[in-house]
Structure formats: structure tokens, C-alpha cells
Amino acid sequence: MPKKPKIPGLLKGLGVTFGTFVDTVTDGAQTVQYPHEKETPPIRARGVIALHEGNCTACMLCSRSCPDWCIYIEGHKQLAPPRRAGGKPRQVNHLDRFDIDYALCMYCGICVEVCPFDALFWSPEYEYSEPKIADLLHDKDKLGEWMETVPEAPDLEAGAGK
Amino acid sequence: MVQFAIEIPYWGQSLLRVVGGLVAVLLPAGGIVYLFLFKMMSFMQSRLGPMEAGPYGSLQLVAEVGKWMQKEDLAPERADVPIYKIAPLIVLLSTFLLIVVVPFGPDAYFTDFETGIFYAMAVGSVSVLGILIAGWSSANKYSLLGGLRAAGQLIAYELPMVLATLGVVIQAGSMNLNQIVVAQNDGEIFGFGGLGNPFIITQFVGFLIFMIAVQAELTQVPFDMPIAESELVSGYMTEYSGFRFLIFFIAEFATAGVFAFIASILFLGGWGIPFDWFGWDGADLGTVDNWMNVAGPIIMATKMFILVAIIMWVRFSYPRFREDQLQTFAWKFLIPLSLANIAATAILKVSF
Amino acid sequence: MTLTDRQQLSYIASQAADARLNVELETEGMTLNIGPQHPATHGTLRIICRLDGEQVIWAEPSAGYMHRGYEKLTEVRTFPQVTTLVNRIDWLGSFANEVPFILAAEKLMEIEAPPRAQVIRTILFELSRIANVSLFLGDLGVQMGAVTPVFLAFRDREYVLNLIESATGGRFHPNFDRIGGLKDDLPKGWIDEARQSVKKLMQFCDTIEDLLFGNEIFQSRMRGIGVIPAEVAKDYGLSGPNLRASGVDWDLRRDQELPMAWDKADWKVWTHPDGDSWARCWIRLQETRESCKIVEQLLDQIPAGPVMTKVPRIIKVPAGEAWVSTENPLGEMGYYVVSKGDLGPFRVKIRSASFNNISVVPWVLKGVYVPDVITILASLYFILGDIDR
């Protein structure tokens with residue numbers, strides 16, 4: 001077997017940078033010019049927590065399971081009209097306040113997981129930065145707006161079982 | 001000097017020279033920073049670089065200068081303030097002193113020294129002084145280490161640089177930079193004069209040594225031990241901020257431009273095109289057409305940018321040497337090699 | 001040997017003369033603080049060096065500037081909440097931090113994740129290793145003035161991070177492990193995507209080898225610098241690639257029985273006899289390739305089935321103590337979990353790799369030059385979160 005002539009590493013290195021240069025000129029850069037063009041995050045991306053207010057029963061599970069206690073919930077009990085005509089009025093928990101302090105949130109997703117009534121969802125939305133840190137405390141109206149951006153859960157890979 | 005139709009008073013000529021000098025130093029520096037530091041480096045790293053300020057980020061440099069000008073001009077408490085403040089100016093001064101002898105055309109030069117290359121090599125080392133006092137007066141350990149490293153390195157690479165130019169001087173038979181240009185464009189290789197005789201062919205070893213030494217003089221990677229941002233923060237520039245840092249920055253790239261100018265004069269034929277093409281006579285510069293004074297700078301700039309592209313390409317690809325390794329490289333390899341080159345050139349010059 | 005008085009006197013006189021001379025010639029050493037804020041420490045590590053010229057005569061790392069108290073924090077959190085904390089320890093390979101803790105909790109509860117979850121765990125573990133080490137390979141260049149490798153590393157690490165994000169939802173902090181399995185199954189199309197990304201990473205290893213490892217300047221900076229013999233490495237408790245670079249054939253992925261899937265793949269533990277900076281970097285490069293191979297093989301072997309065993313909704317870990325450590329990107333990472341049967345752990349001791357790896361710094365930095373301090377630290381590869389916890 002003829003011995004391949006060894007290219008000095010110094011020249012190879014120059015070749016790598018030049019190759020990248022040519023690639024960037026011909027195929028475009030790997031980077032994205034952010035405010036002008038955006039990458040779509042994957043479906044599961046943990047961007048922001050959206051709240052479906054109607055489902056929330058102010059059970060406080062999310063608030064208790066949050067590792068840094070950044071969910072603030074206040075609610076009161078009130079009577080709702082009965083489901084069937086002639087029935088008794090039901091007692092329901094009404095949500096007065098549902099705030100998430102995104103300055104504290106670690107984006108772990110435990111609250112979304114423990115919610116027994118499907119009131120919390122992850123949305124891949126990520127553009128909600130604020131100039132002041134106090135403004136990152138978002139109330140339930142703001143969290144409800146993000147419900148529109150919540151995608152369907154993705155299909156699972158083959159072989160996923162129950 | 002260029003002949004003007006109207007008589008310009010002496011102060012007017014001086015003013016023209018000053019403006020010309022500023023343009024000849026700052027324009028290449030700006031071009032180098034934008035073309036290579038912003039764009040070529042980014043493209044080599046699969047990104048686009050600045051894109052927002054102006055079309056394709058072309059005004060980014062103006063924005064950067066504006067930013068640096070706004071910053072406060074700080075000096076450390078224990079710094080030797082007058083010296084500390086003057087150091088960047090000394091570094092930039094050496095660049096301006098260098099451009100003085102660079103000819104851009106048969107008549108387009110600032111001064112025409114008989115010993116131009118000797119002068120250039122001499123004033124090129126003035127910047128060492130600026131760097132050394134910047135490192136010392138900053139009252140910072142990193143700056144001190146950087147300044148001392150810079151002094152050692154620049155002196156070590158001054159020698160191969162001078163020795164590499166000696167080969168050219170022997171071959172051209174003159175120290176005048178304009179004469180070196182003429183010698184290359186008027187010469188011929190074994191009777192074939194179509195390309196002139198750019199010394200890069202006959203003095204290829206000298207060219208390599210010169211470029212390596214230039215790389216080291218400019219403290220670019222792989223010889224950027226004095227700056228070494230990952231260990232010495234920023235070397236002798238660590239404490240500088242605002243405008244003075246900007247001056248260091250400009251000086252770095254302006255010097256790159258000027259050294260590339262000199263290298264293009266020494267090895268690539270400078271402003272000239274082979275005189276054979278137009279039937280000019282090398283012995284008499286007066287026969288060269290006047291439009292060369294306009295075309296010359298453009299040709300020079302093209303060659304300069306090609307050389308700087310190589311310098312920057314190496315800079316963006318290589319890691320850096322250690323201090324003792326680069327000293328060993330200079331003293332034990334480059335200097336003997338350049339001495340051998342001189343000897344070979346001298347013998348061949350005499351025998352042919 | 002006995003000396004006459006005369007000899008003794010002259011000896012004392014000469015000693016005194018020497019001492020006087022030494023006092024005159026003795027120059028003051030310079031103390032150089034590398035850090036806490038310094039471009040080379042990627043974090044806030046301070047290394048106090050005493051210099052003689054540019055030679056280090058004494059060095060000591062001073063850690064703790066970024067201490068976040070994770071061991072204490074875990075005591076007031078429930079078991080599911082702890083994973084979200086511990087994956088911030090080594091933030092570049094965060095999935096790998098969750099695994100040993102979850103395994104320890106599972107050991108106490110005497111359950112085991114289903115086979116599908118085990119394989120997916122192993123894949124994600126190796127992906128986080130690739131993400132971690134590929135950044136090291138790029139960062140290595142920056143420490144030595146080569147600016148391009150780090151950008152290429154960031155470019156290609158993105159493929160791995162995208163994979164981790166599309167599977168777990170978090171790019172850096174997946175928090176995907178649960179006691180008894182995984183939070184969710186993989187999304188559709190993930191395996192094909194992973195195959196392509198792993199190919200790209202293999203190419204990245206070649207690129208780095210051409211650009212950096214093959215470079216003669218790089219080799220001259222690395223070979224024979226910062227040699228740690230095997231005995232010293234063992235004494236200081238080095239682990240991971242740093243130990244294998246000293247020639248010790250020790251890899252917890254192979255040497256330990258864990259409910260993970262490493263034994264299903266065919267791979268090799270690389271060692272290097274030299275123990276210098278070059279060996280440490282080279283080992284990491286080879287291990288990235290091995291990790292790519294492991295992932296490639298395991299992608300074909302994901303069994304069908306659930307990813308979660310039956311666990312109670314509110315997890316109470318039975319009283320007891322458990323120690324589980326795994327071979328993390330940086331070395332041996334282990335958790336000693338003490339439970340008293342409550343919702344949360346009573347005490348967690350974290351053995352992180354970097355803390356032990358930098359303990360060799362005073363030994364290895366003695367007598368080297370300042371530029372080599374940086375390359376040695378870079379080749380030891382520590383992450384500040386992993387040192388300070």
C-alpha cells in the first residue's frame with residue numbers, strides 16, 4: 001500500500017477555515033438573523049406556561065409543588081348554578097388571582113405535570129422579556145392569552161406503549 | 001511630488017500631506033477591520049457578522065468608534081498617568097512614521113528617502129516603546145507581563161524581518177523603496193520580462209520569513225502572546241478604555257496595513273505593473289505615465305488586501321505559541337535561515 | 001563527620017556570605033490572581049499563583065464564588081423537585097446529572113425503570129456527554145488563541161441541543177427523568193433526526209481533529225505539559241477522562257451494574273499512557289466518537305413498551321441510604337441520598353467530578369509557565385457549577 005503523503009496540520013487547519021468560508025458564502029450561515037427571521041422551537045419546548053382559566057379549581061397543587069414557589073394563587077368558594085334543572089346549586093372554587101413570577105420560574109414543568117384538571121400547558125412562545133424585573137410577574141389574563149399559542153401534543157415514536 | 005497646475009503654498013502642501021497620511025493609514029485600517037475582522041472571520045465561523053448598521057453592516061465601524069468615544073477615559077489609581085496616557089499615541093505614531101516612506105506611485109509619495117527601507121525598519125520598532133511603557137505604567141500585573149512579553153517578542157522578530165529585507169536590497173541594489181519597485185517591474189526572469197521580476201519568486205524564502213516576522217510584529221495569532229486574551233486578559237491594553245483603547249485598536253490594524261504595503265513593495269512589485277507592457281524605461285521614472293499616480297494606489301491596495309487576507313486567515317485558524325517557543329523559533333530557526341538566505345542571494349547576485 | 005573548629009568557622013562564614021548574597025539577589029515573587037473574573041476560568045474560579053518571572057512556584061485554586069448550596073436546598077424539596085435543581089450542577093451536560101440521583105431514589109424504592117426508559121435514558125445521557133465535550137473541544141482553541149473552533153463547536157452542538165429540546169422540552173435543563181422512568185416518550189421522527197445529528201457530530205470530531213488536534217502548534221503546546229502520573233491521579237481522586245488519560249482503565253459505564261443500557265452497545269474505553277494535556281484532550285475527542293457510536297447503536301435497539309413504571313402519585317421514598325454514581329461527562333458524579341421516609345430527602349451528598357479534578361491543580365501547576373497554566377486548566381476541563389455546586 002503506497003503511503004499517503006502527510007499533509008501538515010497547519011495547512012489542514014487553513015483548509016478547514018477556508019472550507020467554512022466557502023460554505024458560508026455558498027450555502028449561507030448557520031446563524032439566524034434573529035429579529036428578522038425566527039426559528040420555530042420544537043412542540044415540546046418549554047417557553048411559557050399558559051393557563052386555561054376555566055379548568056382551574058384553585059386546588060393549589062401547582063403552587064405547592066413548585067420548587068421555587070413562584071406561583072401565587074388566591075381563590076374563594078362560591079355557589080354556581082346547578083348542572084341539571086332543579087338540582088342544588090354547586091359549590092365551586094373561583095380563581096381570583098393566578099400569578100406566575102417568571103423572574104423566579106426555573107421552567108421545570110412540574111406544575112404543568114401535577115395539574116389534575118389540565119389547566120396549565122406549555123407554550124413554545126418565548127418573546128416576553130420585560131425591561132423591569134417586576135414586570136415579569138404575569139397575571140391570569142396574560143397567562144390566558146398564551147393559551148392560543150399552545151400546540152397539540154406531538155405524536156409519539158413507534159413502540160411507545162401504555 | 002505631484003506637479004499641480006496651480007502653485008500651492010508650503011502650508012497647503014503640508015496640510016495635503018497630513019490629510020493624505022491620515023487617509024493612507026486610516027482607510028486601510030478601516031477596510032481591514034470591516035473586510036477581515038468583521039466579515040471574513042465571521043464567514044470562516046459560519047456566521048454573518050454585523051448586519052444591522054448600514055447595508056451588510058458596513059457602518060458598524062462608525063458605530064464602534066462612536067461607542068468607544070463615549071466611554072470614560074479611565075486610568076488606574078496607581079498608574080503613572082502622563083506616561084500611561086501617552087503610550088497609545090506612541091504606538092500609533094510609529095504607524096504614521098512608517099507610512100511616510102511608502103510610495104504609492106511614481107510621484108505619489110510623502111517623502112523619497114534614499115534609505116527608505118532602512119528608515120522603515122528603524123521606526124517600525126518605535127511601537128515597542130509604546131507597548132512597553134503601556135505595560136509598565138498600567139500598574140497591572142497582567143499588563144506588565146504582556147508588555148515584557150511584547151518587548152521580547154518584537155525585538156526578536158525585528159531581526160529576521162531586517163535580514164529578510166536585506167535579500168531584497170541586495171537584489172534590487174537600492175534601499176530606496178521606489179527603486180525597489182522599479183527594479184521589480186523593470187526586471188526580467190531569465191530574459192522573460194512579461195511579468196517583470198517580482199521578488200516573491202526569487203526571494204520566496206525571504207518573503208516567508210518576512211511574513212512570519214510581520215505576523216509576530218503585529219502580535220497576531222499565532223504570535224499573540226503579548227495580548228493573549230485567554231491568559232493575560234488583554235496584555236498591555238488591559239487597563240485602557242474608551243478612546244485610548246480605540247487608538248491601540250486602530251494602531252494594530254493600521255500597522256497591519258502599512259506592513260502589508262511594505263511587503264507588497266518588497267516582494268510583489270508595489271504600485272507598479274510590468275513596465276514592458278507600456279514601454280516605460282525603468283532607469284527614468286519620468287517616462288512612466290502620470291495616470292500611474294492614480295492607478296498605483298489602487299494596485300497597492302489590492303496587493304495589500306491580499307497579504308492582509310493571508311495574515312488574517314492564519315490568525316483565525318491557529319492557536320498561539322508559548323513565549324519560549326516563539327523565541328526559540330525566532331532565534332534558532334528564522335534568523336539562521338534568513339542569514340543563509342542573504343548568503344545565497346549575495347552569491348547568486350555576484351555570479352549572475 | 002567531625003569538623004575542626006577552623007573548618008567550622010570558615011563553613012559558618014561562607015554560609016553567612018551566601019545568605020547575604022541571597023538576600024541581595026533575592027527578587028520578590030509576584031502573586032498573580034487568575035480569576036475570579038478572568039477570561040480563562042469560564043466561571044468564577046480563582047487561582048492564586050506565586051510567580052517567579054513567568055514560572056509558577058506555588059498555586060492554589062480558591063473555589064466557592066458560585067456556591068449555590070444545592071446539598072442544603074435539596075433538604076427542603078420533594079424528590080421530584082430535586083431533579084430540577086441537580087441538573088444545574090454541570091450545566092453543559094445537565095441530563096447526566098439527573099440520572100444518578102434518580103437511580104439512587106429508585107434504588108431506595110426498589111423499583112426499576114422499564115427497558116424502554118433505560119435505553120432512552122442512556123441515549124440522552126450520551127447526547128448530553130456529546131454536548132458537553134463538544135463545547136470543550138471548541139473551548140480548547142479559545143484558551144490557546146484560536147477563535148474559530150469554538151464557533152464551529154457552538155454550531156454543531158446545536159444539533160444535539162435541538163435533539164434534547166425536541167425530546168424533553170428543555171435545551172439545557174431537561175428535567176426529563178422521573179422516579180420510575182421518564183416524563184414522556186420520544187416524539188415521532190426523533191430517531192431519524194438523531195441519526196442524522198450523530199453523523200454531523202462525527203464530522204465535527206473530524207473537523208476539530210483537522211483544525212486543532214492536527215495543528216503542530218497545538219501539539220507543541222500540549223505534549224509533555226502538565227503530566228499527571230497514574231499514581232498521583234489516583235491519589236487526588238481524579239476521575240473520568242482525566243484519570244483515563246493517565247493510563248488508568250476505569251470507566252463506571254462499563255465497570256458497574258446499573259439499570260442503564262451501556263452494555264447493549266459495543267464500544268471501547270480509551271486510555272492514554274502519557275497523562276499530559278494532550279492525552280486528556282485526545283481522550284475526550286475519542287470519547288465523543290465513542291458516544292456517537294453508542295447513540296447510533298442504541299437508536300436501533302429501543303424496545304417497545306412503556307417509559308414509566310407504576311409509582312404512587314405522591315412519592316415517598318422509604319427510609320434508607322443509597323449511593324449511586326455514574327460516569328458523567330466530567331468524571332464520576334455520585335449522590336449519596338439519605339431518606340427518612342419523607343417526601344423529600346433528609347440529606348444529599350453530591351460528589352461532583354470537577355471538584356476532585358481541580359484538587360490536583362496545586363500539584364500539577366508547580367513549576368509550569370503562565371501560558372501553560374491556562375492550557376493545563378483547559379485540558380483538566382472543569383465546570384464551575386460542578387465545582388461549587
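Chain letters run A, B, ... following the sequence lines, proteins first, then strands; residues in each count from 1.
In this structure, C:Thr148 contributes its side chain and B:Phe316 its backbone to a donor-acceptor pair below 3.5 Å. The main-chain N or O of C:Ser220 is found under 3.5 Å from a side-chain atom of B:Gln325 such that the two form a donor-acceptor pair.
Residue B:Tyr56 qualifies as open at atom OH: its count of foreign heavy atoms under 6.0 Å is 12 or below. Sparse packing is recorded around CZ of C:Phe355, with 12 or fewer heavy atoms of other residues, nucleotides or ligands lying under 6.0 Å away. Taking a 6.0 Å sphere around OH of C:Tyr65, one finds it holds more than 12 heavy atoms contributed by other residues, nucleotides or ligands. Within 6.0 Å of atom CE in C:Met66, more than 12 heavy atoms from other residues, nucleotides or ligands are found, so the atom counts as buried in its surroundings. Other residues, nucleotides and ligands contribute at most 12 non-hydrogen atoms within 6.0 Å of the CH2 atom of B:Trp136.
Taking CG of C:Asp372 as the reference point, atom CG of B:Asp324 lies at 7.5 Å (rounded to 0.5 Å).
Considering only heavy atoms from C-beta on, C:Phe151 comes within 4.5 Å of B:Arg47 through its side chain. At a threshold of 4.5 Å between non-hydrogen side-chain atoms, the residues C:Thr375 and B:Arg322 do not count as touching. C:Val370 has its side chain within reach of B:Arg149: a pair of non-hydrogen atoms, C-beta onward, lies under 4.5 Å apart.
The shortest heavy-atom contact between B:Ser317 and C:Ala146 is O-CB, 4.4 Å. Of all non-hydrogen atoms in B:Met44 and C:Leu152, the two that sit nearest each other are O-CD2, 4.4 Å.
Contacts of residues 210-218 of chain C with chain B at a heavy-atom distance below 4.5 Å involve C:Leu211, C:Leu212, C:Asn215, C:Ile217, C:Phe218, listed in sequence order.
For C:Arg221, the parts lying under 4.5 angstrom from a heavy atom of chain B are both the backbone and the side chain.
Residues in residues 207-226 of chain B take part in these side chain to side chain donor-acceptor pair (under 3.5 Å) pairs, two or more places apart or across chains: B:Gln220-B:Arg315, B:Asp224-B:Arg320. Pairs of residues two or more places apart, or lying in two chains, that qualify as side chain to side chain donor-acceptor pair (under 3.5 Å) and include a residue from residues 330-339 of chain B are B:Gln327-B:Trp331. Residue pairs satisfying the salt bridge (Lys or Arg N to Asp or Glu O under 4.0 Å) criterion with at least one member in residues 29-40 of chain B, sequence neighbours excluded, are absent.
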